[in-house]
Amino acid sequence: IERELKPSFAALSLAQRQEEALGLLGSPFLEERQIAVGVLAKDAKKLPDSFLTAVEPIFDRVAKDWATCDLIAGKLLRVFVLRSPKTRRRVVGWSRSKNLWRQRASAVAFVNEARKGQHDDEIMEICERIVKNPERFVQLGCGWVLRELYLAAPDRVSGFLRSHEPELCREGLRYAIEKMPRQLQKSLLDSHRAPSPRVR
């Protein structure tokens, strides 16, 4: 379907293409949201800063699954993480949201940069907030970005995991420790006693 639609989207102006894709992004159907992200990703560097404001309500209405959340975060929000300190702070600010998917997106948007050791202060700021949310997919988003950050800042990540042991669920911890030496993995798992996450 995306291939069939490609000529139609290509015939539109940049502004029209973004408007049509943003409309599709609000669709109740996952497949249409996936097409929308694919279209927007091709022009991601040309998206206006106002896109962040436009996409926020979509999380409240339809983006209530990990697939949509991670597509938006990994393909689109990542561009704003790299664009400027101002837009990066907007993404970090999503960690304060009451919406669990926007909280997860704030972490997932930094995954690629985390493994390069970039923006670790912002990543830790996000994790400090969202680790307090016991919802499963928020916890897994936290664990995912910490797993990648460990490659660049091992002491900082292992210290975070020990200090936030009561808040991080077992599954989130397992995500976070995947790239650690086995001895450290065992040590962190043996001392962990946090409860299982809630599933909404």
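- Proximity of R174 to H192: side-chain heavy atoms (C-beta onward) are nowhere separated by under 4.5 Å.
- Atom OG in S13 sits 8.5 Å away from atom CD in Q18 (nearest 0.5 Å).
- How far CG of L82 is from CG of N112: 8.5 Å, rounded to the nearest 0.5 Å.
- Note that the CD atom of E135 and the CD1 atom of I130 stand 12.5 Å from one another [nearest 0.5 Å].
- Residues V79 and T87 have side chains not in contact (no heavy-atom distance under 4.5 Å, counting atoms from C-beta outward).
- Here the CG-CG distance, from D65 to L71, works out to 9.0 Å after rounding to the nearest 0.5 Å.
- Side-chain N or O atoms of D43 include none that pairs as donor or acceptor with a backbone N or O of L14 at under 3.5 Å.
- Between the side chain of S191 and the backbone N or O of S187, at least one donor-acceptor pair lies under 3.5 Å.
- Here the closest heavy-atom approach between residue V39 and residue R17 is recorded as CG1-CG, 3.7 Å.
- Within 6.0 Å of CD on E178 lie more than 12 heavy atoms contributed by other residues, nucleotides or ligands.
- Dense packing is recorded around NZ of K116, with more than 12 heavy atoms of other residues, nucleotides or ligands lying under 6.0 Å away.
- The closest side-chain heavy-atom distance from L161 to V157 is below 4.5 Å.
- Side-chain contact check for L149 versus F110: every heavy-atom pair is 4.5 Å or farther apart.
- Here the shortest heavy-atom pairing between P48 and R83 reads C-NH1, 3.8 Å.
- In the displayed structure, K132 atom NZ is contacted under 6.0 Å by more than 12 heavy atoms of other residues, nucleotides or ligands.
- Here the CD-CZ distance, from Q16 to F9, works out to 11.5 Å after rounding to the nearest 0.5 Å.
- By the 4.0 Å N-to-carboxylate-O rule, R156 lies close enough to D121 to be salt-bridged with it.
- Distance check: R147 CZ to C142 SG gives 12.5 Å after rounding to the nearest 0.5 Å.
- Linking ILVMFWY side-chain heavy atoms closer than 4.5 Å, directly or via other members, places L184 and W144 in a single hydrophobic cluster.
- Two different hydrophobic clusters hold W101 and L30 under the rule that ILVMFWY side chains link at heavy-atom gaps under 4.5 Å.
- F59 has its side chain out of reach of T68: every pair of non-hydrogen atoms, C-beta onward, lies at least 4.5 Å apart.
- When side chains are defined from C-beta on, M124 counts as touching L146, because their heavy atoms get closer than 4.5 Å.
- Hydrophobic cluster membership is shared by L189 and V131, with clusters built from Ile, Leu, Val, Met, Phe, Trp and Tyr side chains linked at under 4.5 angstrom.
- With contacts defined as side-chain heavy-atom distances shorter than 4.5 Å, the pair R129/V92 qualifies.
- With a 6.0 Å radius and a threshold of 12 heavy atoms from other residues, nucleotides or ligands, K179 has its NZ atom above the threshold.
- Of the possible polar contacts, none joining the E32 side chain to the L24 backbone as a donor-acceptor pair under 3.5 Å is found.
- In this structure, V62 and G26 approach most closely via the heavy-atom pair CG1-O, 3.6 Å.
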Between R78 and V91, is the side chain to side chain contact (heavy atoms under 4.5 Å, CB included) condition met? List the steps. CA-CA 9 Å; R78 183 192 173 202; V91 176; over 6 Å; no
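- When side chains are defined from C-beta on, S95 does not count as touching E128, because their heavy atoms never get closer than 4.5 Å.
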Yes or no on side chain to side chain donor-acceptor pair (under 3.5 Å) for T53 and S50, after CA distance, side-chain angles and deciding distance? CA-CA 5 Å; T53 301; S50 59; over 6 Å; no
